[in-house]
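To keep things clear, I will list the structure first and then write my remarks on it.
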Amino acid sequence: MVMVMMVCLTAANLACGQPKPGCSGSCGNLTNIPYPFGTSLECSFDETFVISCNDTTYQNGGHHKQAYFPNSFIPITNISLRDHELRVSGPIARDCYYADDEEYDRHANVVMQTNSKFPVSSKRNVLVAIGCEAIGAIESPINYDALLNNANLSSSSVGRMRAGCLSLCSQVEEVKNGTCSGAGCCQISIADGVIDYSLMAENLFNHSDFNPCDYSFVVEVGAYSFSSLDLVDLQKRESFPVVLDWAVGNYQSCEQVNNSSTACQSTHSECYNSTNGPGYRCKCLEGFQGNPYLVDGCQDINECEIRNLCVSQATCHNNVGGVECRCPKGHIGDGLTSGKGCILKDDKYLRFAIPMGGLWIYWGLKRRRFMKLKEKFFRQNGGLLLQQQLSDHKGSIEMIKIFTAEELKRATKNYDESMVLGQGSFGTVYKELC
Ligand SMILES: *[C@@H]1O[C@H](CO)[C@@H](O)[C@H](O)[C@H]1NC(C)=O
Ligand SMILES: *[C@@H]1O[C@H](CO)[C@@H](O)[C@H](O)[C@H]1NC(C)=O
Ligand SMILES: *[C@@H]1O[C@H](CO)[C@@H](O)[C@H](O)[C@H]1NC(C)=O
Ligand SMILES: *[C@@H]1O[C@H](CO)[C@@H](O)[C@H](O)[C@H]1NC(C)=O
Ligand SMILES: *[C@@H]1O[C@H](CO)[C@@H](O)[C@H](O)[C@H]1NC(C)=O
Ligand SMILES: *[C@@H]1O[C@H](CO)[C@@H](O)[C@H](O)[C@H]1NC(C)=O
Ligand SMILES: *[C@@H]1O[C@H](CO)[C@@H](O)[C@H](O)[C@H]1NC(C)=O
Ligand SMILES: *[C@@H]1O[C@H](CO)[C@@H](O)[C@H](O)[C@H]1NC(C)=O
Ligand SMILES: *[C@@H]1O[C@H](CO)[C@@H](O)[C@H](O)[C@H]1NC(C)=O
């Protein structure tokens, strides 16, 4: 029991639904219904997030609870709070012709009525068409007002998006399993802002025996792999997973929402704009996890329990919003696996000494060069001659000395007049200050 609780707390946003307190976070197979979603209006952020949890009766008499997309017949199979995604079961358009009995089975146009707050994820889905000489197409209204986060939706700004792909083949041998590049199977990416879409499948000519039906569907990237068997009957599949994006707000961006009524209710949470369609989203700050839409929903992550952030010698201490790795005695460093780790102190002095040694050598060289330069200037300015003349004045050599400018300045108290003894053959004669 305790173990289960622990798992729930540490991986809160993944394992537990995180519904509003007092609300159910599950419906049949859908066991993670996080707030802002809920199974009633009181449990949801607003009416667009109400999930109907209906008792579905099967033909064999069994029954089962099934979660449906708000105001629709679209089954929901998964909700992601962190990625702001919703996985639903998407429909298939089919166009069949059985030559034997001249019978058509056409659902060539199917409509997936999502709503404008739940656009089809352009990153996570593709449109696929299956068949020989088959066309698959998608059509969707695009509400430019909604895309621009303008709550003032007007019907005049609704345009249409239409796109499609063509699949060609004349016999089964021309197609390749696992390859969807135009022979037996074609696919295209999905545009931004697709909301409720219609699908179309159609054959350019008459169907052949090995391919009585053409199909088109939107499917989550990676969730479908083409097989030549699909040209026969799509292996009797009824639906494909489709990923929808979701956001909150009545066509408002973060900047437009009244701060006091933002859906980002938790402390340690922040708002960010939706990237595909209208609205805004909330997320927990770095170092926190949980449900940013609930008061106190974002909880500190105990990084010490989850990841090996510290090197093995260091001890891990969890802070609010972060982590501290303490190195053992005699070591220094940040203790981080991704940082400096822990280094023995001696080691560090050695590492310090090498650049210091280099610095000494550099200074030494510089000093030598300076001395050489000084000597050169001394010669150029007749210094040698002066020295020669001085040494000729035997006896008085102790009293007369050649000073550097600095020495002279110090010795004469900055050329103080009071230090002047008189004018001699070498210029002004100063008293030496000791
Ligand atoms: C629910 O899950 C069970 C067991 O995994 C599965 O057999 C059943 O088909 C699922 N029902 C639906 C409606 O997805
Ligand atoms: C679920 O039940 C409600 C209320 O009974 C009904 O209005 C709605 O059409 C049902 N939805 C589905 C998908 O059956
Ligand atoms: C829901 O999606 C997550 C992430 O994609 C996945 O780990 C989990 O298994 C899914 N749950 C169900 C019931 O499909
Ligand atoms: C919304 O539309 C109404 C009527 O067309 C107009 O009066 C109002 O100024 C518009 N509001 C915004 C924010 O554009
Ligand atoms: C399709 O089949 C019908 C009836 O069998 C035939 O009349 C027609 O010519 C065929 N069309 C093409 C394009 O093959
Ligand atoms: C594709 O794989 C299926 C089995 O998964 C096999 O029956 C079929 O012959 C394969 N088709 C081709 C074209 O290799
Ligand atoms: C959010 O979107 C609005 C307009 O829709 C824009 O003005 C604003 O700069 C965006 N904010 C961020 C953080 O990107
Ligand atoms: C923001 O909400 C507060 C409290 O609900 C309200 O008093 C204030 O008038 C609102 N401001 C705007 C600009 O809507
Ligand atoms: C909300 O707060 C942010 C920063 O605190 C501010 O920039 C923004 O203008 C505020 N929004 C509104 C609608 O008052």
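Note that this is a predicted model, so its numbers are computed, not measured. Just so you know, ligand 1 is whichever comes first in the structure, and atom 1 is the first atom listed for that ligand. Just the heavy atoms: all of them, side chains too, but no hydrogens, waters or symmetry mates, feed the values below.
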Check: Does an N or O anywhere in S228 fall below 3.5 Å from an N or O of ligand 6?
Finding: yes
Margin query: Please check whether N54 reaches ligand 2 - meaning an N/O of the residue sits under 3.5 Å from an N/O of the ligand, judged on distance alone.
Written below: yes
Check: Is the F49-Y35 ring centre distance short of 6.0 angstrom?
Finding: no
Notebook entry, point to check: Are the aromatic ring centres of F37 and F45 under 6.0 angstrom apart?
Noted result: no
Notebook entry, point to check: For atom 13 (C) of ligand 2, which protein heavy atom lies nearest, and how many Å away is it?
Noted result: F73 CD2, 3.2 Å
Notebook entry, point to check: Counting from 1, what ligand 2 atoms have a heavy atom of Y68 closer than 4.0 Å?
Noted result: 13 (C)
Margin query: Any side-chain to backbone donor/acceptor pair from S266 onto H268? Under 3.5 Å, distance only.
Written below: no
Item checked: Closest approach of any protein heavy atom to atom 5 (O) of ligand 6, naming residue and atom -> L229 CD1, 4.5 Å
Next item on the list: May I ask you to decide if E47's main-chain N or O and S44's side chain share a donor-acceptor pair within less than 3.5 Å?
Entry: no
Item checked: ligand 7 versus Q256: contacting region, heavy-atom distance under 4.0 Å -> neither
Margin query: Over 60° means perpendicular and under 30° means parallel, so tell me whether W246 and Y293 are parallel, tilted or perpendicular.
Written below: tilted
Notebook entry, point to check: Can you tell me the protein heavy atom closest to atom 1 (C) of ligand 6 and the distance?
Noted result: N177 ND2, 1.5 Å
Check: Considering only heavy atoms of S253, which atoms of ligand 7 have at least one such atom less than 4.0 Å away?
Finding: 1 (C), 2 (O), 3 (C), 5 (O)
Notebook entry, point to check: Salt-bridged, E85 to R87, with N to O below 4.0 Å?
Noted result: no
Item checked: Backbone N/O of C254 and side chain of Y272: donor-acceptor pair under 3.5 Å -> no
Notebook entry, point to check: So, does S72 sit close enough to ligand 2 that a heavy atom of it is under 4.0 Å from the ligand?
Noted result: yes
Note to self: Please list, in number order, the atoms of ligand 6 under 4.0 Å from a heavy atom of V175.
What the structure shows: 13 (C)
